[in-house]
Amino acid sequence: MNIPYLNLKQINLNYSAELMDAMKSVLDSGWFILGKSLEQFEKEYASYNRTKHCAGLANGLDALILSLKVLGIKEGDEVIVPSNTYIASWLAVSYVGAKPVPVEPRWETCNINPELIEEKITNKTKVIMPVNLYGQAAELDKIMAIAQKHGLNVLEDNAQAQGAVCNGRLAGSWGHINATSFYPGKNLGALGDAGAITTDSDELAAKIKIIRNYGSEKKYYNETKGVNSRLDELQAAFLSVKLRNLDDVNRERQKLAGLYDAGLNAIEGLTIPSVADGCTSVHHIYQVRTEKRDELQKYLNEKGIGTLIHYPIPSHLQQAYSDLGYKKGDFPIAEKISETTLSIPLYQGLKEEEVLYIVDTIKSFFNA
């Protein structure tokens with residue numbers, strides 16, 4: 001078989017007619033920025049997440065940066081972040097002049113360990129930024145309790161887990177403000193860059209909508225120094241189409257992940273994803289871990305199976321963060337995850353027989 005890691009063409013063909021209709025509707029309207037398609041999607045996405053507000057933005061990184069801005073984070077402040085996450089979470093903190101303070105994950109779930117957060121809180125700490133990594137909701141109830149105890153804000157990075165749940169409440173609705181990405185490869189993916197924030201705060205939502213539009217609520221009247229970060233009408237229309245199917249997509253991914261779980265759970269030397277009590281995963285990524293990661297990746301590639309490594313270098317060891325002075329060994333769990341993790345195919349339209357072929361191929365590697 002020839003199985004790519006991700007097949008965006010196949011995924012979007014499922015919506016081809018609806019996407020074309022959405023594009024025609026936008027073209028016919030003659031309105032392409034801050035129009036009715038965006039307004040409709042913002043209402044739909046806020047409703048989906050059971051939050052009061054949604055503000056569409058140009059991308060997920062902007063969603064994180066602007067969320068920190070409206071929380072008042074500035075130079076000299078500290079923001080608690082996972083030691084293992086995509087670098088965007090750290091970059092957002094840096095762009096507002098604050099310092100990212102890493103906290104190790106649980107080895108089992110790869111999500112930030114709430115039991116390690118309090119020891120990193122100082123008088124400079126202003127925000128805790130949990131990341132719902134790989135599609136699994138973090139232990140958000142515990143994180144919110146810590147934040148309340150210390151008078152901190154929570155910015156939830158929900159770029160990978162739209163539809164996941166922690167104790168009956170959706171990821172992307174727990175934080176004082178929540179940021180997400182609709183990058184094309186996400187479970188809810190646009191056909192280009194796109195992002196959003198959700199919040200129950202009238203004040204924060206209003207500020208975001210002003211800042212994203214050059215700092216202006218009324219055209220040519222600028223209340224503050226803003227940016228240009230607006231989710232355009234076309235992407236908003238596309239996302240409205242795909243949002244209607246998100247729960248079905250997530251159920252399909254969970255079913256395929258269940259096949260992986262059943263087939264791979266007894267292989268010695270291989271660790272499969274584990275979900276925290278009270279939490280669910282929508283399996284944006286299905287990652288296995290093994291000391292033989294590089295050999296396994298090579299073997300799968302030879303058998304026609306695409307893979308990806310999320311993420312080969314943890315943020316604290318990236319050259320971009322050499323100024324923080326971290327060295328190898330400072331965050332051993334994040335480092336071990338980066339050295340052993342391998343993401344295998346899981347996407348809408350992946351066939352069960354393809355999953356079983358991947359399972360059998362992995363078994364044959366370990367049996368050999």
Side-chain angles (χ1 to χ4, degrees), residues 1-15 84-86 108-111 131-138 158-165 171 180-190 242-243 245-267 270-276 279-290 293 296-301 303-312 337-338 340-366:
M1 290 189 181
N2 182 19
I3 307 171
Y5 172 71
L6 180 64
N7 190 335
L8 289 176
K9 181 177 180 180
Q10 178 178 322
I11 289 170
N12 287 303
L13 280 174
N14 291 301
Y15 311 100
N84 64 314
T85 182
Y86 185 54
E108 297 80 10
T109 67
C110 296
N111 269 332
V131 178
N132 301 314
L133 200 62
Y134 305 149
Q136 180 183 168
N158 194 41
Q160 299 186 6
Q162 293 100 337
V165 170
T180 196
S181 165
F182 305 118
Y183 184 76
K186 298 293 194 290
N187 292 26
L188 178 59
K242 298 176 85 171
L243 179 59
N245 298 279
L246 179 56
D247 286 340
D248 289 338
V249 169
N250 285 341
R251 280 190 286 268
E252 180 181 347
R253 298 178 80 101
Q254 289 167 331
K255 181 180 179 181
L256 295 174
L259 292 176
Y260 277 136
D261 289 345
L264 300 176
N265 65 23
I267 298 177
L270 187 76
T271 300
I272 64 172
S274 178
V275 180
C279 297
T280 68
S281 177
V282 293
H283 297 285
H284 168 58
I285 291 167
Y286 192 96
Q287 48 87 29
V288 297
R289 283 175 282 164
T290 174
R293 189 267 307 282
L296 175 60
Q297 184 178 41
K298 182 174 182 292
Y299 184 81
L300 293 177
N301 184 60
K303 301 297 183 180
I305 299 168
T307 60
L308 204 62
I309 297 173
H310 295 86
Y311 303 97
I337 291 172
S338 72
T340 60
T341 191
L342 183 67
S343 302
I344 58 179
L346 180 58
Y347 53 85
Q348 181 185 1
L350 184 67
K351 297 179 178 64
E352 290 189 16
E353 56 264 35
E354 292 174 320
V355 171
L356 296 177
Y357 172 73
I358 295 167
V359 167
D360 288 342
T361 305
I362 293 173
K363 284 181 175 178
S364 70
F365 170 81
F366 282 94

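- With sequence neighbours excluded, the residues satisfying ring pair (Phe, Tyr, Trp, His ring centres under 6.0 Å) with Tyr86 are Tyr311.
- To the nearest 0.5 Å, atom CG of residue Leu246 and atom CD of residue Gln162 are 6.5 Å apart.
- The minimum heavy-atom distance linking Leu259 with Val359 is given by the pair O-CG2, 4.3 Å.
- In this structure, CZ on Phe365 lies 6.5 Å from OG1 on Thr290, to the nearest 0.5 angstrom.
- The nearest pair of heavy atoms linking Gln160 to Asn132 is CB-O, 3.6 Å.
- Among all heavy-atom pairs drawn from Asn7 and Pro4, the shortest one is CB-CG, 4.1 Å.
- The 12-atom threshold is not exceeded at OH of Tyr183, counting heavy atoms of other residues, nucleotides or ligands nearer than 6.0 Å.
- Between the CG atom in Asp261 and the CG atom in Leu256 there is a gap of 11.0 Å [rounded to 0.5 Å].
- Shown here for Thr341 and Arg289, the closest heavy-atom pair between the two residues is CA-CG, 3.7 Å.
- Among Val288, Ile358, Ile272, the single residue meeting the side chain to side chain contact (heavy atoms under 4.5 Å, CB included) criterion with Tyr260 is Ile358.
- Between the CD1 atom of Ile3 and the OH atom of Tyr357 there is a distance of 6.5 Å, given to the nearest 0.5 Å.
- In this structure, the side chain of Arg253 does not engage the main chain of Tyr286 through any donor-acceptor pair within 3.5 Å.
- For the pair Lys186 (side chain) and His284 (backbone), a donor-acceptor distance under 3.5 Å is absent.
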Mind running side chain to side chain contact (heavy atoms under 4.5 Å, CB included) on Lys242 and Asn12 for me, showing each step along the way? CA-CA 9 Å; Lys242 298 176 85 171; Asn12 287 303; 2.7 Å; yes

Take Thr307 and Asn301 through the side chain to side chain contact (heavy atoms under 4.5 Å, CB included) test and state the conclusion after the steps. CA-CA 7 Å; Thr307 60; Asn301 184 60; 6.0 Å; no

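- Considering CD of Gln254 and OG1 of Thr280, their distance stands at 6.5 Å, rounded to 0.5 Å.
- Residues Tyr299 and Thr361 have side chains in contact (heavy-atom distance under 4.5 Å, counting atoms from C-beta outward).
- Considering CG of Asp247 and CG of Leu188, their distance stands at 10.5 Å, rounded to 0.5 Å.
- Shown here for Cys110 and Asn84, the closest heavy-atom pair between the two residues is O-ND2, 2.9 Å.
- Annotation for Gln136 and Asn111: closest pair O-ND2, 3.1 Å, computed over non-hydrogen atoms.
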For residues 342-352, dump all side-chain donor-acceptor pairs below 3.5 Å to protein atoms at least two apart in sequence or in another chain.
| from | atom 1 | to | atom 2 | distance (Å) |
| --- | --- | --- | --- | --- |
| Ser343 | OG | His310 | ND1 | 2.8 |
| Gln348 | OE1 | Tyr15 | OH | 3.2 |
| Gln348 | NE2 | Tyr15 | OH | 3.1 |
| Glu352 | OE2 | Lys255 | NZ | 3.1 |

